[in-house]
Every structure is written in C-alpha cells, then in structure tokens.
Amino acid sequence: MQGASSGVGYGLKYQARCISDVRADTDHTSFLTGTLSLKEENEVHLIRLSSGGTELVCEGLFSHPNEIWDLRSCPFDQRIFSTVYSSGESFGAAVWQIPELYGQLNSPQLEKIASLDSLVGKINCVLWWPSGKHEKLISIDQENIFSWNLDCSKKVSQVQSQESAGMLHYLSGGAWDPHDVNAVAATCESSVQFWDLRTMKKTNSIECTHVHDLEYDTRKKHILVTAEDESGIHIWDLRMPKVPIQELPGHAHWTWTVRCNPEYDGLILSAGTDSTVNLWLSSSSSEDGMVESPTKRFNPLLNTYTDYEDCVYSVAWSTREPWIFASLSYDGRVVVESVKPYLSKK
Amino acid sequence: FIFDLPARLGKCIKSEAYADAVKFYTGAMPIFKAYGDSSFQDCKRASEEAIATIIKNLQGKLFSDSESIQSRAEAAVLLKQLDFPVDSLKAKLLEKLEQSLADLEVKTEGIESAGEDSTSHSGGGSSIGNHEASVGEFAEAVRAYRVIFPDSDKQLISLSRDLITRHFEVTEQYMQKHISSAELLNFLKIIWTDVLLLDNVLEEAGLPDFSLEAARLVVKKYISSKLTHFQQDIADSLVGPKERVGDYSLQDALEAGKKTVLQGSMDVLLDFRQLLDDKLELVIKLRDSIIDWVLEGFQVFFRTLDDHFVLLSEKKSSLDQGLKEGAQTDKALTGLVLVLSQISVFIEQSAIPTITEEIASSFSGGGARGYEYGPAFVPGEICRRFRSAGEKFVNLYIKIRTQRISVILRKRFTTPNWVKHKEPRDVHMFVDLLLQELEAARSEVKQILPQGIRKHHRSDSNGSTTSSRSNPLRDDRMGRSNTHRARSQLLETHLAKLFKQKVEIFTKVEYTQESVVSTIVKLSLKSLQEFVRLQTFNRSGFQQIQLDIQFLRMPLKEIAEDEAAVDFLLDEVIVAASERCLDPIPLEPPILDKLIQAKLAKS
C-alpha cells in the first residue's frame with residue numbers, strides 16, 4: 001500500500017471502467033458507476049459524498065443486465081443515464097431510469113426507457129449534450145455516428161440520422177461540443193473528425209494518432225483536449241488545428257482519459273495506465289501561437305495522485321462542487337479527492 | 001615695356017618661370033583693356049597666345065602627379081589669378097581620385113598569400129606592396145589637394161572614409177567563407193596601415209575612430225559566424241555524410257559528434273585567442289569587447305545547439321517518400337535520437353567542463369558588459385539544459401520504439417474475432433514481429449550505450465506500482481472460479497508471487513543498454529495487457545493468448561534481463577485474459593510444450 005491516502009474511498013465488488021458525475025443533482029455531490037464483469041451479475045452504484053466530504057455512501061444499488069463499457073448520467077435528469085454494455089458476444093446501448101422513491105424499495109429495478117440498438121456495429125459510447133436540456137443522443141459505433149431523438153416521457157427513441165465514417169475509419173469514441181449543439185468530435189485511428197449534426201457531414205479533422213479520449217473545454221470555446229496513448233495530452237485551438245497549442249507529458253504509459261474542470265480555467269485531470277491521476281494547469285489561456293516550454297514559466301503538473309493499485313480508466317469532476325473529482329481504477333475502487341490545496345497555486 | 005611682353009612671356013615659358021609671366025601679364029592687363037583694340041593689338045594678341053600656352057602648361061602641371069605639391073599649388077593659384085575656372089578642375093581631379101578608389105580595394109588574393117609563411121612572401125608581398133604603394137599615392141594626392149584646393153576638405157574626408165568603408169565591406173564578404181582569425185587579422189592590419197597613412201594627411205577625417213567602430217562590427221560578426229559554422233559542423237557530423245558509402249553506424253556518428261564538439265570548440269577558442277593576443281592597435285582596443293562576445297557567443301551557441309538537436313529529432317513526414325525510403329529514414333531517425341541523447345550527456349559531462357576551464361584560463365579579465373547583466377557564460381545553466389535534453393531524447397527514443405510495437409500489438413488484438421476463436425494450432429506470428437522490433441532496439445542500443453552493472457535488487461525507484469494481486473478481493477474471485485487442476489496451477493503461481501517483493505515497472509530510465517531495452521519491453525507488455533483487457537475471449541482465444549505468452553517468456557527474459565518484471569507482466573496478461581474469458585481453461589502443459597517446440601523448430 002502507498003502512504004496515507006488523502007481521498008475518500010469506495011469499493012465496487014467487481015472491476016469497473018466508468019464513472020460519471022450526476023450533474024442534474026444539485027442537492028448532493030453524487031456519482032454513478034457500473035461494473036464490468038463477464039461472469040458475475042453487474043451492478044450500477046449511485047454513490048453520494050457525505051456533506052462533510054469524509055465518506056462515500058451508496059445511495060442506490062441496481063442490478064444491470066450486462067457488463068458496462070460506458071456509462072453517462074443525463075445532464076438534465078438525475079435519475080436517467082445511458083449505458084453501453086456487452087454480453088460477451090454482442091454490444092448494445094440503452095437509456096435507463098432509476099425508479100422514483102428507490103430509496104424505499106427493497107430491490108429497486110432499473111427501467112429501460114429506451115433502447116439504442118442500431119444493429120450495425122460495436123457501439124463505443126453514447127453522448128448527451130453537456131450543456132442543458134436537449135432530448136437528443138449521439139451514439140458512436142465503430143463505423144457510424146447516430147443521432148437519436150429521445151422522448152423520456154413516452155420512453156421512445158428513434159434514429160434521426162446516421163452517417164458512416166467510411167471504410168477503414170474505425171471510430172473509437174467522441175465528445176459533444178458544449179458550446180455548439182450541432183458539433184460533435186469523433187476519434188479514429190489517426191485523427192479526430194469533426195461532424196456537423198445537421199448535415200451529418202464531416203467538417204474538419206485534426207491529425208493525431210491513437211487518441212484515446214478527448215473533451216471540449218467547458219469554459220472556453222474552440223479549445224479541445226485530447227489524451228493520446230503514448231504522446232500524452234494535447235491542447236488544441238480548433239481555429240488553428242494544424243498544431244496543438246500546448247503539450248503536456250501525460251503519463252508513464254498511456255493516457256486514458258482527460259477531463260476539463262467545469263469551473264476553473266485550465267484545470268485538467270488525466271488518468272492513465274500507470275495507475276495514477278494527474279492534475280494539470282494548462283497555460284493556454286492567454287498565449288497566442290506556440291507556447292514556450294513550461295519549465296520556463298512553471299511546471300504545469302500540480303499534483304499526482306498515486307493511491308491506486310490498477311489502471312485508472314475514468315475520472316469525473318463534480319459540477320456541484322468543482323474542486324472535487326471522482327476516479328475509478330480497474331479493480332473497482334472509487335477514490336474521491338479534493339483539489340483545493342492546489343487551487344491557490346493558480 | 002609692353003612691347004617686350006610677348007617676348008618676355010616666351011622666355012618665361014621656356015624657363016618655366018610662370019609666376020613671373022603671370023605677374024607681367026596681369027600687370028599689363030589694365031593697359032590692354034584700355035588700349036588693346038588700337039595701339040597694342042599685335043602685342044595683345046601675341047601675349048594672349050603666350051598666356052594660352054601658359055594656361056595649358058599650368059593645367060598640365062596641375063594635373064600632373066609627378067610635379068611637387070608646391071608647384072601644383074602654385075599653378076592653381078596662378079590659374080586663379082588668370083581668372084581660369086579652377087573649380088571645374090578641382091571637380092575633375094576629385095572625380096579622378098574617386099575612380100581610383102576602386103583600384104585601391106584590398107585584393108583578397110593578397111590576403112590569402114600573406115597568410116602563408118615568409119618563403120612565398122615575395123608573391124604575396126608584392127601584391128600587398130602594390131596595394132600599399134597605391135594607397136600611398138592616394139594619400140599623397142589627398143595631401144596635395146588639401147594644399148592646392150584649400151576648400152576641398154569635406155570631399156576629401158568623405159573619399160577617405162569611403163575607402164575605409166569599402167575595405168571593411170570586402171572583409172565582410174570574404175568572411176562568408178570559413179576563414180581563420182589570422183586571415184581576419186591580416187585584413188585588419190592592411191586596413192589599419194591605410195588608416196594611419198591617411199590619418200597623417202587628413203587628421204580631420206577622424207579615421208582611427210571611424211575604423212574602430214567598423215572593426216567592432218566586423219569582429220563581432222566574425223565571432224558569431226564562426227560559431228554558426230561550428231554548430232553546422234556538429235550537426236553534419238551527427239547526421240553523417242550525404243552519400244553513405246557503407247554504413248555510417250551510430251558508433252561512428254557519436255564518435256564523430258564527440259570529436260567535433262570537443263576538438264572543434266578547442267579550435268574555435270584557440271582561433272579567438274589569436275584575436276586577443278594580437279598586437280594590432282585596432283584589435284587591442286577591442287579586447288574587452290572580444291572577451292564579452294566570445295563568452296556571450298558560446299552561451300547562445302549552446303542554447304541554439306539544443307534547439308538544433310530538437311529539430312534533428314523531429315520526424316519529417318514526407319508524403320512523397322516511397323515506403324522503403326520512408327522505412328530507411330525512420331530507422332535512421334530512431335538511431336539519431338539515441339545518438340542525440342548520448343551526445344547531450346557528453347556535452348554536459350565532458351565538453352562543458354573542458355570548455356569552461358579553457359575559457360577561464362584564456363578569456364578571463366573584465367569584459368565590457370555591465371555588472372548588472374551578470375556573467376556572460378553560465379556553464380551551470382548549459383549543463384542543466386543538456387542534462388534534461390539527454391533525458392528527453394532517451395525518452396523519445398523509447399517512445400518511438402514502443403509506438404512501433406503498439407502498432408503491431410494493436411493489429412494483432414483488434415483483428416481476430418476472439419469470441420469465436422478456433423483452437424490454437426500455432427504460436428501466432430506477431431511474436432516474431434515483436435521480437436524483431438525488440439532485437440532492433442537492442443542492437444541499436446548496444447552500439448552506443450554502456451552496459452550497466454547487473455543489479456538483482458532494485459531498491460530505488462520512482463512511481464512503483466504495487467502488484468495488483470495484493471487486492472484480496474480479486475484473489476478471492478480467482479480462488480472461487482478456479483477449480484480445475486490446470487487452473488489451480490495458475491493460482492499457485494499467483495499466490496507465490498503475492499508474497500514477493502513489489503515489482504517496479506515505471507522506474508527512471510538510465511543511460512545503460514539494460515535500462516533502455518527493459519523499459520521498452522516493460523512498456524510493450526503493459527500495452528499488451530491493455531489490448532487484452534479490451535477484448536472478450538472464448539476458451540480457444542484464451543488458450544491462444546496463453547500459448548503466445550508462454551512462447552515469449554524465454555526470449556523476452558533474455559532481451560530484457562529483468563526477469564522478475566517480465567514474468568510479472570506476462571502473468572498479468574494471462575490474468576487479464578482469464579478475466580475477460582467466459583471459460584478460461586488453459587492448455588495442458590504437454591500440449592503447450594509441443595506447440596512451442598514446433599515453433600522453435602521452424603525458426
């Protein structure tokens with residue numbers, strides 16, 4: 001074991017890959033996470049940080065039919081979330097609802113309110129629009145991008161439009177631009193593609209290899225952060241997409257995911273296969289063009305969290321208390337930390 | 001009296017007593033004016049003819065360089081007395097002088113041969129001698145004109161300065177080639193001699209100070225251009241000759257680079273030293289500035305050298321390159337990156353201390369820099385820069401190598417349909433590609449990195465990861481699901497390792513063969529595990545993984561020399577595969593052995 005940990009821990013019974021902030025819950029700091037077990041019964045946990053910030057409590061435990069590869073909480077309804085799951089042989093995606101008064105039921109069951117079965121390829125992720133109430137979803141599978149109309153009350157979903165990325169373009173994930181409801185980014189093997197949802201046409205692309213994950217900066221328009229396997233983290237200004245405006249070293253092995261803080265400019269979390277989570281402060285706010293090497297000004301790495309025993313595949317900032325983040329390592333351990341001590345350094 | 005005039009003028013012309021002639025003539029002028037048209041017509045005409053001759057002679061005298069200055073000046077005065085437009089003559093003469101400037105340019109052949117030893121002195125000397133003679137003549141002309149045309153100073157000053165400026169221009173042009181400080185000094189010597197010559201006759205031009213300023217610029221430029229050439233030499237030695245005759249091995253590149261850096265900097269410093277030691281008055285005055293320029297120059301030099309190295313290490317993606325050529329340059333690039341890391345280390349550890357010592361001994365003494373700027377040459381800063389450059393390049397090398405291996409692994413694990421995999425018949429061929437890449441890295445690294453001391457217990461590390469099997473929950477799970485005999489064998493090895501010392505994966509890379517290669521192996525195995533975790537296997541798929549991994553065990557341990565880490569990581573891959581398998585029943589050991597033997601027999 002490492003030294004005394006500063007975070008609050010919670011253990012899932014099985015391995016897990018995804019954790020999501022329940023943004024729509026404005027009364028509590030809550031997270032949703034789900035297990036990835038091939039043989040056991042899988043579960044979705046709704047966990048809440050106590051008001052003192054000292055412990056994580058399980059508020060709801062729900063059985064989920066298959067192992068979960070992607071889980072995202074609906075930004076405008078705290079009881080709704082999407083999952084991408086697999087039974088070992090096939091993949092599927094669905095939108096679920098936690099039953100009302102679940103706290104009082106004996107063994108509450110999730111209601112499937114919509115199925116996102118496109119029956120085409122292996123689904124990678126389902127995206128909600130992060131900035132408000134928008135009853136549309138995007139699903140990205142290996143070759144296609146789908147746009148869905150979702151009607152939560154009628155519990156119906158319908159494909160609105162679909163487009164293929166073309167042969168030999170294996171899509172692996174994506175992100176929805178919080179500043180533009182019509183713009184979506186999708187990652188594929190050697191580039192990031194940008195799509196316009198109205199026309200379902202590709203509008204632009206950036207060359208960068210093996211992007212694992214990416215996120216639009218929630219505060220600034222035009223800024224995109226990518227996590228690449230070996231190359232670390234790149235910050236892009238989409239108005240000048242040829243070259244990144246800043247590079248951060250990332251992790252000792254692969255950088256799996258990056259998340260931008262919803263409140264504090266330039267504060268970025270990254271998690272990697274070296275079993276650490278890194279907190280960064282990017283200096284891309286006021287510089288134009290290329291940025292000088294960070295050693296000349298300050299070290300962008302604010303802190304490294306090492307209290308994990310396996311790769312960390314997912315991190316999530318809390319929207320309600322933006323100095324708090326939750327991280328999930330593959331062995332099913334959730335660690336919630338506060339970055340307050342590092343905020344004064346900004 | 002007047003009647004005598006023509007005859008007397010004639011006599012004066014013969015005896016060249018022009019002053020008398022003019023005196024007589026001007027004396028007679030009033031009478032001619034009054035009575036020239038009537039009584040003294042013939043006389044006047046004859047006198048005017050004589051005077052015309054006299055004027056011609058006087059002009060001739062004025063233009064003639066062989067006449068003494070006095071007589072020329074006299075001639076000018078006399079011509080003026082005769083109301084002859086002297087100014088136009090002056091203009092003509094000055095124009096002629098200006099044109100002669102072109103002939104006075106320092107000829108570079110003269111400089112080159114002057115640099116040789118005295119045996120060939122005659123050849124070079126004559127050319128220099130010619131130059132000096134010509135400038136001497138020029139100086140004499142200046143002196144003469146000052147006397148002859150007393151108001152011509154301004155133009156003469158401008159002409160002299162022009163001459164000196166042209167000299168410096170020629171010098172600068174010549175500097176574009178690789179010249180030595182001795183040659184530069186030769187130029188300066190000649191210029192200074194000319195300056196003194198002219199200063200003698202035209203002090204008002206302030207030529208010494210003027211030339212000092214020009215010399216300041218030229219010497220500064222010389223220092224910086226010499227350093228620029230030196231930097232290019234270093235880059236060239238690392239990259240190797242354009243036409244590769246045979247193999248320019250990494251060893252060759254590194255040795256050439258080291259030699260160029262060390263020997264080259266000593267040569268450059270020696271060359272600059274000559275500037276300091278020279279006794280030429282012009283150069284002595286610049287001594288303090290020279291020291292500053294050399295120190296500052298070296299400081300900047302090393303900073304830009306670092307940037308130059310970074311440029312060399314960046315991939316040049318050319319779409320036009322054919323696949324084969326692309327592979328060649330790729331290979332060349334990875335090797336170059338490794339060379340750059342080693343030469344950065346060399347610069348930090350050997351070159352800078354030596355250079356610092358040399359600078360301290362030869363270039364000490366105050367410079368002209370103000371104290372508030374601090375010292376010009378800061379070896380500590382340079383060492384820091386190259387220490388981190390060395391690390392940066394070795395990490396880049398590792399990154400390039402692991403990226404290539406990632407491509408192989410990605411293809412291997414994303415292509416098959418693992419859920420419907422067939423029974424394993426052979427070890428999969430990706431192991432060959434993997435081992436090939438690792439061998440290539442090992443052979444590169446063997447060329448220029450030293451061997452480390454074999455350590456069996458690595459007690460110091462940064463960022464270790466604990467064995468993930470120390471999590472009791474997971475072991476429970478493993479225990480619960482494994483009941484088959486072969487499965488329990490797997491479990492036993494796991495339990496045994498539970499109590500083993502922590503295995504460190506992400507240790508800091510050292511500049512040794514073992515460290516670099518084993519880091520590449522460890523990172524590649526970690527990537528392998530990640531790819532496995534993303535898949536779902538049926539029993540045969542799991543067995544295929546088991547077979548491939550078992551085959552890799554021996555060769556990888558031999559390549560990486562860190563047996564514990566390799567075993568651990570390979571076990572982690574098996575664990576990951578079994579977790580992702582619905583029915584993880586491993587192959588029986590005899591079958592495993594048979595298939596592995598079959599593979600070994602083939603290769």
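These values consider heavy atoms only, across backbone and side chains, with no hydrogens, waters or symmetry-generated copies. Each chain gets a letter, A, B and so on, in the order the sequences are listed, and its residues count up from 1. Note that this is a predicted model, so its numbers are computed, not measured.
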When rounded to the nearest 0.5 Å, the distance separating CG of Leu569(B) from CD of Gln529(B) is 7.5 Å
Just wondering, do Glu43(A) and Lys13(A) contact through their side chains at under 4.5 Å, heavy atoms? yes
Checking ring-ring contact (aromatic ring centres under 6.0 Å, His included) for the pair Phe531(B)/Trp418(B): CA distance, chi angles, key distance, verdict? CA-CA 12 Å; Phe531(B) 284 121; Trp418(B) 289 102; over 10 Å; no
Parallel under 30°, tilted from 30 to 60°, perpendicular over 60°: which one fits the rings of Phe91(A) and Trp69(A)? tilted
Report which part of Arg410(B) has an atom under 4.5 Å of a heavy atom belonging to chain A: side chain, backbone, both, or neither. side chain
Do you know which of Ser86(A), Ser329(A), Ala252(A) has the most heavy-atom pairs under 4.5 Å to chain B? Ala252(A)
So which of Leu534(B), Thr414(B), Asn395(B), Thr402(B) has the largest heavy-atom pair count under 4.5 angstrom toward chain A? Leu534(B)
